[in-house]
Trainee: 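Questions regarding the structure given below will be posed in turn.
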Amino acid sequence: MKKILNRKVLVTGASGFIGLNIIKNLLIDKSNDIYAVDNYSRGSLDDYSEKIFSNESVTFINLDLTNSNEYQRLPKDFDHIYHLLLWWV
């Protein structure tokens, strides 16, 4: 993965396998400001994700992005977005 340095990054679907590993790699540089979004609709917080989300560079937002009214709760002006939201119909 290419290093992303000193960036404001949004990761949706953050508690999934791919989301957690992206965040883990982004944490290599402590200057990144990471916003992790998930609503745990398909799982729950485990020890590994709790460790990742408790890092001072990570802001976890429990948010259901399948509801368009929730978007206003997101910060603005991200440098990078990893959109990994999985929505089951």
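As a basis for the values below, the full set of heavy atoms in this structure was taken, side chains included, without hydrogen atoms, waters or symmetry mates.
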Trainee: Checking side chain to side chain contact (heavy atoms under 4.5 Å, CB included) against V37, which of V11, L74, L84, N62 comes through?
Mentor: L74
Trainee: Is a side-chain N or O of N32 found less than 3.5 angstrom from the main chain of I34, in a donor-acceptor match?
Mentor: no
Trainee: If every non-hydrogen atom of K24 is compared with every non-hydrogen atom of Y48, which pair is closest and at what distance?
Mentor: CD-OH, 3.2 Å
Trainee: I'd like to check I61 versus P75 (side-chain heavy atoms, cut-off strictly below 4.5 Å). Are they in contact?
Mentor: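 Contact flag for I61/P75 side chains = yes.
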Trainee: Short question: side chain of S57, backbone of K30 - any donor-acceptor pair under 3.5 Å?
Mentor: yes
Trainee: Atom CG of D33 and atom CZ of R7: how far apart are they, to the nearest 0.5 Å?
Mentor: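 Interatomic distance, D33 CG to R7 CZ, rounded to 0.5 Å: 12.5 Å.
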Trainee: Applying the side chain to side chain contact (heavy atoms under 4.5 Å, CB included) criterion to I18, which one of L20, I22, N21 satisfies it?
Mentor: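 Checked L20, I22, N21 against I18; only one passes side chain to side chain contact (heavy atoms under 4.5 Å, CB included): I22.
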Trainee: Can you give me the closest heavy-atom contact between A14 and D38, atom names plus distance?
Mentor: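 Nearest pair, atom of A14 first, then D38: N-OD2, 3.3 Å.
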Trainee: Look up atom CZ in F60 and atom CG in N55, then write down how far apart they are to the nearest 0.5 Å.
Mentor: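 Atom-to-atom, F60:CZ and N55:CG are 14.5 Å apart.
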Trainee: Please round to the nearest 0.5 Å and tell me the distance separating atom OG of S31 and atom CG of L26.
Mentor: 10.5 Å
Trainee: Answer yes or no: is there a side-chain heavy-atom contact under 4.5 Å between L63 and N39?
Mentor: no
Trainee: Between D64 and E70, what is the shortest heavy-atom contact and its length?
Mentor: O-CG, 3.3 Å
Trainee: Do I81 and V9 come within less than 4.5 Å of each other through their side chains, counting heavy atoms only?
Mentor: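 I81 does not reach V9 side chain to side chain.
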Trainee: Once you round to the nearest 0.5 Å, how far does CG of L10 lie from OG1 of T59?
Mentor: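 Here the interatomic distance stands at 11.0 Å.
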Trainee: Determine, using ring centers only, whether Y35 and F53 are less than 6.0 Å apart.
Mentor: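 No, the ring of F53 stays outside the 6.0 Å limit from the ring of Y35, centre to centre.
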Trainee: Please indicate whether D46 has more than 12 foreign heavy atoms, meaning atoms of other residues, nucleotides or ligands, lying under 6.0 Å from its CG.
Mentor: yes
